[in-house]
Peer 1: 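Right, I'll just put the structure down here and ask away after.
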Number of protein chains: 2
Amino acid sequence: MINFREKSYRCTSEIVLGLVSGKWKISILNHLAQGPIRFNELRRLLPEATQRMLTMQLKMLESDGLIIRKVYPVSPPKVEYRLSELGEELAPMLLMLCEFGTTYIESFPDEVSYSDHKHA
Amino acid sequence: MINFREKSYRCTSEIVLGLVSGKWKISILNHLAQGPIRFNELRRLLPEATQRMLTMQLKMLESDGLIIRKVYPVSPPKVEYRLSELGEELAPMLLMLCEFGTTYIESFPDEVSYSDHKHA
DNA sequence: CGGTATCCCTCGGGATACTG
DNA sequence: CAGTATCCCGAGGGATACCG
């Protein structure tokens with residue numbers, strides 16, 4: 001779970017950033033918004049993510065209370081991930097972010113002439 | 001400006017994260033939402049940020065089109081920063097993030113330690 | 001006043017191999 | 001099937017000093 005003291009946020013909005021900042025977190029949340037998914041299903045849905053990365057991101061999302069990990073004691077093992085209530089409350093915000101992202105891209109119509117300037 | 005191809009976002013919502021991810025960006029945007037501010041004013045408002053960091057974050061915000069840097073050719077130098085139109089469109093989203101952040105904190109009654117530097 | 005220039009160090013994340 | 005265990009690298013950011 002997030003340790004608010006250690007992280008020392010300057011505004012509560014930064015908490016949300018911390019929750020979803022991580023290379024695969026948003027993708028995972030978006031997929032889980034469709035319903036529960038097993039680990040290897042997720043791997044197939046996100047083929048570019050390494051197994052290690054997926055595990056890590058899922059652990060963080062779980063310890064932050066956004067998703068729930070359910071282990072079925074069967075053989076072979078079966079582990080299913082789904083959104084928690086908190087995670088579902090996040091959905092509309094992700095949608096908003098997504099819409100602004102689209103607006104943002106479209107506000108730079110001359111996409112060819114963007115500079116190569118990198119944020120160093 | 002952001003190079004969309006290089007960064008290879010998996011969802012447009014990740015663009016917004018890229019725009020505001022940076023230790024002081026949200027604080028800066030929140031302050032600029034009140035009106036234009038000069039560089040050293042900002043330093044006083046964010047005393048824990050080093051000069052170098054402020055400069056870097058401001059440059060990124062500017063090159064991403066969220067803020068505008070205006071230089072007054074006077075002596076001593078005067079530089080003023082303000083939100084662009086795009087930056088102002090971002091404001092309501094930051095507010096939403098902020099509200100969810102607060103909700104989130106309150107959903108963990110044990111962990112309530114966190115100092116808020118109020119903006120609005 | 002409003003920045004640059006260096007140096008350094010942490011931490012997120014990639015590649016790869018192994019396991020109950 | 002669903003993970004761990006190592007090793008490694010580069011970007012983000014801190015401390016400090018200097019500049020037009």
Side-chain angles (χ1 to χ4, degrees), chain A residues 2-3 6-10 14 17-28 31-32 36-64 67-82 116-120, chain B residues 2-3 6-10 14-15 17-28 31-32 36-64 67-82:
Chain A
I2 279 191
N3 184 328
E6 263 179 34
K7 290 236 176 181
S8 75
Y9 296 99
R10 289 154 293 282
E14 295 183 359
L17 293 187
L19 294 177
V20 301
S21 286
K23 189 156 184 182
W24 304 99
K25 287 188 186 175
I26 291 200
S27 302
I28 292 172
H31 281 299
L32 291 190
I37 313 184
R38 294 181 60 174
F39 185 77
N40 271 9
E41 281 185 81
L42 213 46
R43 288 196 70 189
R44 264 168 255 125
L45 291 169
L46 303 172
E48 293 179 74
T50 66
Q51 196 168 21
R52 185 185 109 97
M53 265 299 116
L54 269 191
T55 308
M56 290 178 66
Q57 308 278 296
L58 285 165
K59 270 191 180 171
M60 292 189 228
L61 289 171
E62 190 200 3
S63 77
D64 286 342
I67 69 175
I68 292 171
R69 178 176 182 270
K70 183 164 185 180
V71 183
Y72 295 86
V74 297
S75 181
K78 173 176 175 179
V79 177
E80 209 170 66
Y81 294 91
R82 63 181 176 82
D116 269 4
H117 171 247
K118 288 168 198 159
H119 299 149
Chain B
I2 278 192
N3 184 326
E6 244 181 51
K7 289 236 173 182
S8 74
Y9 297 98
R10 288 156 293 283
E14 296 183 359
I15 290 178
L17 293 187
L19 294 177
V20 300
S21 288
K23 189 154 184 183
W24 303 99
K25 288 188 187 175
I26 291 201
S27 301
I28 291 171
H31 281 299
L32 291 190
I37 313 184
R38 294 179 61 173
F39 185 77
N40 272 9
E41 281 185 81
L42 212 46
R43 287 196 70 190
R44 265 168 254 127
L45 292 168
L46 304 172
E48 294 179 75
T50 66
Q51 194 167 25
R52 186 186 109 97
M53 265 300 117
L54 270 191
T55 307
M56 290 178 65
Q57 307 278 295
L58 285 165
K59 269 192 180 168
M60 291 189 226
L61 289 170
E62 189 199 3
S63 78
D64 285 343
I67 70 174
I68 292 170
R69 177 177 183 271
K70 183 164 186 182
V71 183
Y72 295 85
V74 296
S75 181
K78 173 175 175 179
V79 178
E80 209 170 66
Y81 295 90
R82 62 181 177 84

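Note on naming: letters A, B, ... go to the chains in the order of the sequence lines (proteins, then strands), and numbering restarts at 1 for each one.
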Peer 1: Please give me the minimum heavy-atom distance between B:R10 and A:S27, naming the atom from each residue.
Peer 2: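 In terms of heavy atoms, the two residues are closest at CB-OG, 3.7 Å.
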Peer 1: Go through B:T55 and B:F39 one step at a time and tell me if the side chain to side chain contact (heavy atoms under 4.5 Å, CB included) criterion holds.
Peer 2: CA-CA 9 Å; B:T55 307; B:F39 185 77; 3.6 Å; yes
Peer 1: Output yes when at least one side-chain N/O atom of A:R38 is less than 4.0 Å from OP1 or OP2 of D:dA2, else no.
Peer 2: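 Yes.
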Peer 1: CZ of B:R44 versus P of C:dG2: gap in Å, rounded?
Peer 2: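 Checked: the CZ to P distance equals 8 Å.
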Peer 1: If you look at every heavy atom in A:G22 and A:Q57, which pair is closest and at what distance?
Peer 2: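 So the two residues come closest at C-OE1, 3.1 Å.
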Peer 1: Rounded off to whole Å, could you give me the CG-to-P distance for the B:L45 and C:dG2 pair?
Peer 2: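 Atom CG in B:L45 sits about 13 Å away from atom P in C:dG2.
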Peer 1: Tell me: CD of A:E62 to C1' of D:dA2, nearest whole Å?
Peer 2: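 In whole Å, D:dA2 C1' and A:E62 CD are 14 Å from each other.
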Peer 1: Whole angstroms only, please: what is the CG-P distance between A:N40 and D:dC1?
Peer 2: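 Answer to the nearest Å: 5 Å.
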Peer 1: Heavy atoms under 4.0 Å is the rule here; annotate nucleotides 3-15 of chain C 5' to 3' with B where the base is hit, S where only the sugar-phosphate is, and - elsewhere.
Peer 2: BBBB------BBB
Peer 1: Looking at every non-hydrogen atom in both residues, tell me the closest pair between A:Y81 and A:I67 and how far apart they are.
Peer 2: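 Shortest heavy-atom separation between A:Y81 and A:I67 comes out as CD2-CD1, 3.8 Å.
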Peer 1: Please lay out, stage by stage, how A:K25 and A:L61 fare under the test side chain to side chain contact (heavy atoms under 4.5 Å, CB included).
Peer 2: CA-CA 7 Å; A:K25 287 188 186 175; A:L61 289 171; 3.8 Å; yes
Peer 1: Is any side-chain heavy atom of B:L46 closer than 4.5 Å to a side-chain heavy atom of B:I28?
Peer 2: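 Answer yes - side chains close enough.
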